[in-house]
Every structure is written in structure tokens, then in C-alpha cells.
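A short write-up of the structure that comes next.
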Amino acid sequence: MIRTVHASDIGRVRSVNEDSVWTGVTAHGYTLGIIADGMGGHLAGDTASRLALESIRDNLDGLAPGLEGEALSTALSNAISEANDTVFNQAASDDRYHNMGTTVVSVLLAGQSGYIGHIGDSRAYIIRDGKAKQLTDDHTLVNELFKNGQISLEELDTHPRRNVLTRALGTDEDIKTDLLPITLDPSEVLLLCSDGLSNFVSAEHLGKVAGLQEISLKERADRLLQLALLAGGGDNISVAMLEHQEEAAVPESKEWDR
């Protein structure tokens with residue numbers, strides 16, 4: 001069974017939380033997790049992430065029962081595409097939201113298997129035996145430079161343009177979503193996070209904390225937020241965690257944080 005939790009913090013620097021995060025169960029029993037990290041300034045980033053999350057969640061809440069495999073991939077892809085339309089059209093119709101956009105990383109599960117959908121630099125990790133393995137590939141300029149051999153691994157974290165995205169939701173009329181199959185085995189944790197966590201907490205520490213079976217999933221999420229705050233809290237911090245446990249699937253929270 002899948003247990004879920006999510007948490008968010010404004011951090012120590014920003015004046016508003018431009019992240020939106022939610023985990024829970026849809027009307028027909030699918031497990032859903034979403035993180036969106038808005039961009040475009042105080043009002044625009046906040047609006048973009050909220051619109052994207054609400055669009056994806058509302059779309060998938062009406063998903064017909066009994067879907068699995070590629071049908072889940074198609075449903076998630078379509079929901080993200082519709083969210084892109086929503087954000088893009090809002091930005092085009094109101095100068096206050098000009099050029100707004102958001103990252104998104106989302107997971108849709110039927111039972112323990114499903115798909116991750118991803119645009120931008122919010123990430124998904126699988127936590128297994130206290131170790132974190134990154135599943136998503138950052139859509140950033142520095143990651144492209146690294147893959148092309150133009151910068152070193154060490155320069156990824158210090159490059160002056162490390163926050164420049166090459167792909168985001170809502171900034172263009174058409175988007176491409178990365179879709180990855182995922183199956184959670186017993187005691188494995190799927191960790192979704194905004195870059196306010198992954199930029200300040202190492203993969204080693206993510207794995208150690210998220211994999212602490214002796215404390216609750218909520219306590220683990222709170223500890224991850226605290227680690228990012230202790231490291232400076234230079235950005236909004238959001239985390240969503242989904243764990244395959246042997247007990248009944250009851251989400252720890254079904255409300256979304258702002």
C-alpha cells in the first residue's frame with residue numbers, strides 16, 4: 001500500500017512561497033503527487049504554480065477507474081498539457097502574469113506502479129536502502145552544458161547560470177513532458193522535491209533521512225525541510241514523499257500547501 005505526505009516552507013530569503021505541492025488519492029483510488037515551482041516574480045510565479053497544480057489535480061481526479069500501464073502515462077501527459085494551456089493562456093491574457101511559468105514533477109500510481117511526469121528542474125528520487133537515486137533529468141542550461149562536455153561535474157553547482165531553465169510549463173504554447181515508468185517496491189520511497197531542497201541538501205543526506213524507517217513519513221519530510229533551512233534556506237522548499245508500506249493506504253495529508 002502507498003502512504004503519502006507533503007510539506008512546504010517559504011525558506012529564509014524569499015518573501016512569498018512560489019511552490020505548490022499536494023499528495024493524496026483521487027476519486028477512483030489513484031495515488032497522486034505534484035510539485036510545481038513557479039517562476040516570473042512575486043505574483044506570477046505564485047499564480048503559475050497554483051494554476052498548474054490545480055489543473056493537474058482536478059483533471060486526474062476524474063480519471064476513470066481501472067487504468068494501468070500506458071493508459072496512466074497518457075492520462076498524466078494529457079493533464080500536464082492541459083495545465084500548460086491554462087498557465088499559458090492566463091499569462092497571455094493579463095500583463096501581470098507576462099512570461100510566468102513553472103516547473104512540474106508529478107507521479108500517478110495505480111497500486112504501486114505508474115508514471116512520473118516532469119518538466120523543469122524539480123526532481124524525483126527513488127530512496128532504496130538509505131540511498132537516493134535521481135530519476136529525472138534537469139531541464140537546465142548547465143545540465144545541457146555538462147552533458148555536452150562543456151563544463152565539469154563540479155561546475156554544475158557553481159555556474160553563474162545554473163538556475164536557467166531550458167524547459168518550463170506555461171512559457172510556450174507547446175511543451176514536451178518527460179515520462180518515466182515507476183514501480184515502488186516494499187519499503188521504497190519516491191521523493192519529489194523543488195530545487196529549494198535539492199540545491200541545498202546532498203543526495204547522500206536525502207537518502208539517509210528519507211530512508212529512516214524508524215520514524216514516520218511526516219517526520220522525515222519535516223527533517224528534510226529543516227536540513228534545507230539549516231543550509232541557508234535560500235529558496236522555497238517543497239517535498240512530497242510516497243512510500244510502499246504493508247499497511248492500509250491512508251495519506252497523511254490531502255490538503256495542498258502554499
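Here the structure is a predicted model, which is why all the values come from computation and not from measurement.
Every residue two or more places apart in sequence or in another chain was checked for a side chain to side chain donor-acceptor pair (under 3.5 Å) with S187, and none qualifies.
Considering D178, D121, D174, D137 in turn, D178 is the only one that fulfils the salt bridge (charged side-chain N to carboxylate O under 4.0 Å, His left out) rule with R167. Exactly one residue among D138, D195, T103, D19 makes a side chain to side chain donor-acceptor pair (under 3.5 Å) with S122. That residue is T103. The residue from T177, L51, T102 that alone fulfils the side chain to side chain contact (heavy atoms under 4.5 Å, CB included) condition with L169 is T102.
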Report task. Please report the C-alpha distance between D185 and T183 in whole Å, then the side-chain angles of each, then the deciding distance to 0.1 Å, and finally whether the side-chain contact (heavy atoms from CB on, under 4.5 Å) criterion is met. Result -> CA-CA 6 Å; D185 291 330; T183 297; 4.2 Å; yes

Query raised in the report: Is there a side-chain contact (heavy atoms from CB on, under 4.5 Å) between M39 and T171 once you walk through the steps?
Result: CA-CA 10 Å; M39 54 188 244; T171 57; 3.8 Å; yes

Report task. Starting from the C-alpha separation in whole Å, work towards a yes-or-no answer on side-chain contact (heavy atoms from CB on, under 4.5 Å) for E54 and T86. Result -> CA-CA 10 Å; E54 290 177 351; T86 298; over 6 Å; no

Query raised in the report: Please walk me through it: do L63 and T26 pass side-chain contact (heavy atoms from CB on, under 4.5 Å)?
Result: CA-CA 8 Å; L63 198 59; T26 71; 5.6 Å; no

**Report entry** Audit row: R96, D94, salt bridge (Lys or Arg N to Asp or Glu O under 4.0 Å) steps and yes/no
**Finding:** CA-CA 5 Å; R96 293 176 300 169; D94 192 327; 2.8 Å; yes

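Of all heavy-atom pairs between A228 and L197, the closest is CB-CD1, 4.0 Å. Contact detail for R12 and L229: the closest heavy-atom pair is NE-O, 3.0 Å. When all heavy atoms are compared, the tightest approach of I56 to A79 is CG1-O, 3.9 Å. Between A83 and S55, the shortest heavy-atom contact is CA-OG, 3.4 Å. Residue G114 comes nearest to L109 through the heavy atom pair N-CD2, 3.6 Å, listed as atom of the first residue, atom of the second, then distance. Summarising the geometry of L192 relative to A124, their closest heavy-atom pair is CD2-CB, 3.6 Å, with the distance given to 0.1 Å.
Within 6.0 Å of atom CG in N148, more than 12 heavy atoms from other residues, nucleotides or ligands are found, so the atom counts as buried in its surroundings. Atom CD of Q213 has more than 12 heavy atoms from other residues, nucleotides or ligands within 6.0 Å. With a 6.0 Å radius and a threshold of 12 heavy atoms from other residues, nucleotides or ligands, Q150 has its CD atom above the threshold. Open room surrounds NE2 on H98; 12 or fewer heavy atoms of other groups in view lie less than 6.0 Å from it.
A 4.5 Å side-chain heavy-atom check between D46 and N17 finds every atom pair outside the cut-off. Residues E188 and Q112 have side chains not in contact (no heavy-atom distance under 4.5 Å, counting atoms from C-beta outward). In this structure, the side chains of L184 and I126 come closer than 4.5 Å at one or more pairs of heavy atoms. Contact of the V189 side chain with the R220 side chain is registered, since non-hydrogen atoms from C-beta on lie closer than 4.5 Å. The shortest distance between side-chain heavy atoms of V87 and M100 falls below 4.5 Å. The closest side-chain heavy-atom distance from I2 to V25 is not below 4.5 Å. Under the 4.5 Å side-chain criterion, counting only non-hydrogen atoms from C-beta, L60 is in contact with L76. Contact annotation: the side chain of W22 approaches that of L32 to within less than 4.5 Å [non-hydrogen atoms, C-beta and beyond].
Between the CD1 atom in I119 and the OG1 atom in T166 there is a gap of 11.0 Å [rounded to 0.5 Å]. In this structure, CG on L190 lies 11.0 Å from OG1 on T23, to the nearest 0.5 angstrom. Taking CD1 of I34 as the start and CG of L53 as the end, the distance is 4.5 Å to the nearest 0.5 Å. Rounded to the nearest 0.5 angstrom, K176 NZ and N84 CG are separated by 14.0 Å. Atoms CG and CD, on L217 and Q245 in that order, are 6.5 Å from each other to the nearest 0.5 Å. Going from atom CZ of R123 over to atom NE2 of H118 covers 9.0 Å, rounded to the nearest 0.5 Å.
L165 and I35 fall into different hydrophobic clusters, where Ile, Leu, Val, Met, Phe, Trp and Tyr are joined by side-chain heavy atoms under 4.5 Å apart, directly or via other members. In the hydrophobic cluster analysis, where Ile, Leu, Val, Met, Phe, Trp and Tyr join through side-chain heavy atoms closer than 4.5 angstrom, L212 is grouped apart from V5. Linking Ile, Leu, Val, Met, Phe, Trp and Tyr residues whenever their side-chain heavy atoms come within less than 4.5 Å leaves F88 and I175 in two separate clusters. Cluster membership for V142 and V164, using ILVMFWY side-chain heavy atoms within less than 4.5 angstrom, is shared. Under the 4.5 Å side-chain heavy-atom criterion for grouping Ile, Leu, Val, Met, Phe, Trp and Tyr, I10 is not connected to L224 through any hydrophobic cluster.
With hydrogens and angles ignored, the 3.5 Å screen pairs no side-chain donor or acceptor of Y30 with any backbone N or O of G111. Remark: the backbone N or O of G117 is not paired with any side-chain donor or acceptor of S106 at under 3.5 angstrom. With hydrogens and angles ignored, the 3.5 Å screen pairs no side-chain donor or acceptor of S77 with any backbone N or O of S73. For Y125 (side chain) and K131 (main-chain N/O), no donor-acceptor pair under 3.5 Å exists by modelled atom type. The backbone N or O of G40 sits nowhere less than 3.5 Å from a side-chain atom of N99 that would complete a donor-acceptor pair.
Taking 4.0 Å as the cut-off between side-chain N and carboxylate O, R57 and D61 do not count as a salt-bridged pair. Between E243 and R3 there is no salt bridge, since no side-chain N of the basic residue sits under 4.0 Å from a carboxylate O of the acidic one. Using a 4.0 Å cut-off between a side-chain N of Lys or Arg and a carboxylate O of Asp or Glu, E204 and K208 qualify as a salt bridge.
Checking D37 against S194 by side-chain atom types alone, no donor-acceptor pair falls below 3.5 Å.
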